[in-house]
Amino acid sequence: MLRAIRWAAWGGVAVLGLLLLATTGDWLVTDGPLGTGRVATGPASLAIGGPFRLTDHRGRAVTEQDFRGRPMAIFFGFTHCPDVCPTTLGDMTNFIAALDTAAERVHWVFVSVDAERDTPQTMADYLSAFDPRIVGLSGSEAQISDVARAFRVYYRKVPLEGGGYTMDHSASVFLLDAEGRFAGALDYKEGQDVALEKLRMLASRG
Ligand code: NI
């Protein structure tokens, strides 16, 4: 009886492990120990990133080609976001300051998933509170759906009680190399020193 329970317990652990692998497999970013000069790199088959057509916060039409030639740190959110987006943009602003001149070798990009409210002007106003090197991209529902699919980003409009809505969205910052290939990710609330080291490595590739 005791043995059966023990086996059942181990079975449960094994199943849980497999489930974890299944759900997080895409996001297992292999990462060398700090200071060894290895950059966080995903498997070559990991297709994150792709073509897009959007408008930057200065009203200029852009595609992914405008961001080639330098590595890119890109994340998705919306200007009405109460928490995750301002925190991530604040972190990004601090990272840019810490990287100093190396920050110039990276494209810093914030893409809105809120087609209804986030116009280029809204993005420009919102981004004025953060480092001016961060580029805000917005677009139509179809354009946002395309870019989100290319980056495998989840987002969803959620109605609020009493009117209005908020947006659920993935919080990772994706890192792409100068050719637009996936080169890792920063997770929300990841240690700042780890994130900064990943960004240093990314910048050194550019
Ligand atoms: Ni957000």
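Note that ligands are numbered from 1 as they come in the structure, with each ligand's atoms numbered from 1 the same way.
- Ala124 is linked by a side-chain contact (heavy atoms from CB on, under 4.5 Å) to His57, Gln121, counting only residues two or more places apart in sequence or in another chain.
- With sequence neighbours excluded, the residues that form a side-chain contact (heavy atoms from CB on, under 4.5 Å) with Arg133 are Ile96, Ala103, Glu104, Trp108, Asp131.
- Remark: the Ser145 side chain and the Arg149 side chain contain an N/O donor-acceptor pair separated by less than 3.5 Å.
- By the side-chain hydrogen bond (donor to acceptor under 3.5 Å, both in side chains) test, Tyr165 is found to be paired with Asp114, Arg117, residues two or more places apart in sequence or in another chain being considered.
- In this structure, a donor-acceptor pair under 3.5 Å is present between the side chains of Thr79 and Asp118.
- Looking only at protein N/O/S atoms, the ones less than 2.8 Å from the Ni ion (ligand 1) make 3 in total.
- Atom CD of Glu179 has more than 12 heavy atoms from other residues, nucleotides or ligands within 6.0 Å.
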